[in-house]
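First comes the structure, then the notes that go with it.
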Amino acid sequence: MFTKILTRNFDQPDLHEMEVYEKLGGYRMIRQALRRHTPEEIVQMVQRSGLRGRGGAGFPTGIKWGFIPRNSDKPTYLCVNADESEPGTFKDRHIILHDPHQLLEGIMVSAYAIQSRRAFIYIRGEMAREAAILNDAIAQAEKKNYLGHRIFGEDFDLQIQVVRGAGAYICGEETGLLESIEGKRGQPRTKPPFPAVCGLYGCPTIINNVETLINVPHIVANGPEWFAAIGKDPRNTGPKLYGVSGQVKRPGVYEFDMTITLKELIYDVCGGLTENRALKGVIPGGSSVPILLPEEIDVAMDFDSLAARGTMLGSAGVVVIGEGTCMVRVARRVAQFYAFESCGQCPPCREGTAWLHKILQRIESGGGHPGELDLLAEICDNMKSHTICPLSDAAAMPIESYIRKYRAEFEEHLSRPGCACS
Amino acid sequence: MISAATKEKVEALASAFPQRRSGLMPALHLIQQESGYISPEATVFLSQVFELSRAQIHETITFYHMFRTRPAGRFIFQVCTNVSCMLRGSEEIMQTLSEILGIQPGETTPDGQFTLQETECLAACGAAPVVQLNEEYLEHVTCRQIRELIAELRKES
Ligand SMILES: Cc1cc2nc3c(=O)[nH]c(=O)nc-3n(C[C@H](O)[C@H](O)[C@H](O)COP(=O)(O)O)c2cc1C
Ligand code: SF4
Ligand code: FES
């Protein structure tokens with residue numbers, strides 16, 4: 001039996017109020033971290049916990065933190081990625097809406113570990129209410145000297161500022177995010193240098209996802225061994241949030257360890273499909289990952305099991321698609337997103353995303369030509385691995401998977417105008 | 001017109017970050033909130049405060065979908081049409097709005113009251129279909145709810 005860790009208090013009324021959060025044990029873990037542990041100890045604990053980033057790539061958090069140069073004379077920055085713009089993903093917003101102080105505590109412990117005295121929460125522009133909730137929580141914390149000079153009376157200063165984006169998916173990419181905080185166009189930077197060495201304002205910078213950071217205090221409070229034992233697999237440890245949407249009876253954000261299967265998530269947790277439709281396909285980790293067929297869903301929702309199935313855990317945004325949905329339309333809509341959001345720096349991405357959208361639009365409206373499915377596959381192929389950031393791959397991979405797995409349906413669309421699916 | 005209060009806040013933003021230019025995005029939000037869009041006059045003001053050329057200011061403005069260089073309607077409806085919302089009937093919502101308002105996505109009603117737009121995933125997919133009305137999220141939206149809401153807003157305007 002899995003007991004909720006990150007979301008255990010989410011149904012408590014007024015959890016965003018300092019008193020409520022503290023009454024439930026909040027801000028104890030940061031005190032413990034500051035009083036009992038050196039920053040290096042916390043970095044090592046996070047390394048031993050096996051925590052992997054929850055923003056999409058699954059990179060081990062402790063290892064990333066270890067890349068920060070020692071004895072640099074520049075300040076270190078912590079940037080919290082609250083851009084949450086990957087279609088199908090809604091877990092970070094859920095965290096901020098319910099429990100902003102838990103995020104602040106996660107930032108405090110993490111900032112202490114990497115010795116960053118200034119942290120920025122980069123939140124997407126559309127989330128005005130969520131930004132206000134965070135600013136309010138920060139003001140409450142400043143008032144109690146939980147933020148500012150010598151926080152909790154200990155020898156550590158910390159300031160947290162909220163920076164709002166303004167509608168650009170690419171600013172969720174970590175170096176696009178840095179450019180945006182610097183007030184520029186959010187175009188990703190060429191790597192190396194990596195942000196841990198040369199990031200915000202040219203200084204060492206760690207970028208982590210909201211969900212990643214709220215795990216950190218629990219690791220410090222309960223020990224890395226406790227965390228590593230959650231989930232039974234040393235490469236996929238700790239609690240995980242899944243956002244399930246689309247045609248299920250009970251969509252929402254759910255917390256489990258990563259042994260839960262996609263099948264259990266859809267049928268046991270979310271009550272199966274609406275109107276008891278048959279399942280047609282599932283996107284397991286946000287719109288950037290390849291789709292799974294109904295016969296492929298008996299798979300653990302962890303990084304490696306999904307990779308073994310040729311897809312990814314990504315942002316763990318599960319989109320459930322029922323029979324009756326036109327896959328050409330799904331493909332066109334996904335292509336439209338990437339064409340709209342490509343930052344345009346790299347020709348394969350700029351041209352490729354535009355072509356995918358244009359051709360799929362044509363096929364959807366019945367004007368496709370024979371041979372265009374192979375052309376689409378070729379375009380996808382050319383978009384991969386020749387670009388500054390992974391957006392180009394992220395656009396190509398899902399489209400490729402739709403065509404491969406629902407080829408007959410695409411061909412049907414080519415052979416006659418109109419849609420036979422609905 | 002940028003109010004004196006907003007001007008003061010913008011000037012404070014220029015020194016709120018390790019580098020001046022980081023204040024630009026928050027400043028653009030402030031100005032757009034007050035005036036509904038970023039006017040040429042505002043661009044000149046921002047270029048003075050942030051010690052940047054107007055071209056640099058413009059470069060930032062045009063990169064971000066939320067910033068507008070022209071006024072929009074008083075009520076801006078943004079319908080998420082991305083996959084999770086599409087699976088939950090966002091096309092019908094869009095059609096209903098388009099019919100009632102008599103405009104296509106991307107347009108503003110001639111009286112300047114309503115703007116209709118298609119938007120990307122709003123990170124509220126569990127509550128699909130989702131519509132953003134100005135800054136507010138409307139979740140689990142139905143066509144009926146949309147009709148009632150527009151009737152109300154029309155009375156207000
Ligand atoms: C196009 C693109 C969009 C991304 N969007 C987000 C996002 O909205 N939120 C996020 O946390 N990570 C996003 N990422 C991943 C970040 O680049 C980065 O890997 C992550 O924030 C690191 O944090 P983590 O190690 O805690 O996961 C995106 C990546 C790409 C390529
Ligand atoms: S891959 Fe696309 S989004 Fe990424 S930097 Fe290149 S053009 Fe921009
Ligand atoms: S797809 Fe509409 S809110 Fe995510």
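The figures here come from the full heavy-atom set of this structure, side chains too, leaving out hydrogens, waters and symmetry mates. Proteins get letters first, then strands, A, B, ... in listed order; numbering begins at 1 in each. A quick note: this is a predicted structure, and the numbers were derived from the prediction, not measured.
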For this session: Let me know if B/Pro26 has heavy atoms under 4.5 Å from chain A in its side chain, its backbone, both or neither.
Result: neither

For this session: Nearest 0.5 Å please: distance from the CG atom of B/Leu24 over to the NZ atom of A/Lys184.
Result: 11.5 Å

Exercise. Which value, rounded to the nearest 0.5 Å, describes the distance between B/Phe63 atom CZ and A/Gln187 atom CD?
Worked result: 5.5 Å

Exercise. More than 12 non-hydrogen atoms from neighbouring residues, nucleotides or ligands closer than 6.0 Å to CD on B/Glu59, yes or no?
Worked result: yes

For this session: Give the minimum heavy-atom separation between B/Leu87 and A/Gln247, together with the two atoms involved.
Result: O-NE2, 3.3 Å

Seminar exercise, completed: Nearest heavy-atom approach of A/Ser180 to B/Met25 is OG-CE, 3.5 Å

Exercise. Around atom NE2 of B/His58, are there more than 12 heavy atoms of other residues, nucleotides or ligands at under 6.0 Å?
Worked result: no

Exercise. Relative to chain B, which of A/Gly165, A/Gly322, A/Gly252 shows the most heavy atom pairs under 4.5 Å?
Worked result: A/Gly165

Exercise. Where do A/Arg93 and B/Ala123 come nearest, in terms of heavy atoms and distance?
Worked result: CD-O, 3.2 Å

Problem set entry | Min side-chain heavy-atom separation A/Glu126-B/His65 under 4.5 Å | no

Problem set entry | 4.5 Å side-chain heavy-atom contact, A/Phe337 and B/Val83 | no

Exercise. Taking the side chain as C-beta and beyond, is there a heavy-atom pair between B/Met66 and A/Arg124 under 4.5 Å?
Worked result: no

Problem set entry | Contacting region of A/Val163 [heavy-atom separation from chain B under 4.5 Å] | side chain

Exercise. Checking heavy atoms, do the side chain of B/Ala128, its backbone, both or neither come under 4.5 Å from chain A?
Worked result: neither

Exercise. Which atoms of B/Ala127 come close to chain A, meaning under 4.5 Å heavy atom to heavy atom: side chain ones, backbone ones, both, or neither?
Worked result: neither

For this session: Spell out the residues in residues 77-84 of chain A that have some non-hydrogen atom less than 4.5 Å away from a non-hydrogen atom of chain B, in order of number; otherwise answer 'none'.
Result: A/Tyr77, A/Glu84

For this session: Taking all non-hydrogen atoms of both residues into account, name the closest pair between B/Ala16 and A/Gln161 and its distance.
Result: O-NE2, 2.9 Å

Exercise. Can you name the closest pair of heavy atoms from B/Cys121 and A/Gly88 and give their distance?
Worked result: SG-N, 3.6 Å

For this session: Can you establish whether the number of heavy atoms outside B/Arg54 located under 6.0 Å from its atom CZ is more than 12?
Result: no

Exercise. Is it the side chain or the backbone of A/Arg250 that comes within 4.5 Å of chain B heavy atoms, both, or neither?
Worked result: neither

Exercise. What heavy-atom pair brings B/Thr119 and A/Arg333 nearest, and what distance separates the two atoms?
Worked result: O-NH2, 3.7 Å

For this session: Supply the atom-to-atom distance B/Glu120 CD to A/Tyr169 OH, rounded to the nearest 0.5 angstrom.
Result: 10.5 Å

Exercise. So, A/Arg329 and B/Glu91, do they make that salt bridge, N to O below 4.0 Å?
Worked result: yes

Exercise. Looking just at side-chain N and O atoms, do B/Thr60 and A/Arg185 make a donor-acceptor pair shorter than 3.5 Å?
Worked result: no

Problem set entry | Candidate pair A/Met127 and B/Leu122, rule side chain to side chain contact (heavy atoms under 4.5 Å, CB included), full reasoning | CA-CA 8 Å; A/Met127 295 188 196; B/Leu122 290 163; over 6 Å; no

Seminar exercise, completed: Interatomic distance, CD@B/Gln19 vs CD1@A/Ile181, rounded to 0.5 Å, equals 12.0 Å

For this session: Would you check if B/Ser84 and A/Val319 make a side-chain contact, meaning some heavy-atom pair closer than 4.5 Å?
Result: yes

Problem set entry | Reported SG-to-CE distance for the pair A/Cys326 and B/Met86, which is rounded to 0.5 angstrom | 8.0 Å

Exercise. Can you tell me how far OH of B/Tyr137 sits from CZ of A/Arg129, rounded to the nearest 0.5 angstrom?
Worked result: 10.0 Å

Seminar exercise, completed: Against chain A, residues from residues 5-12 of chain B with at least one heavy atom under 4.5 Å, in numeric order, are none

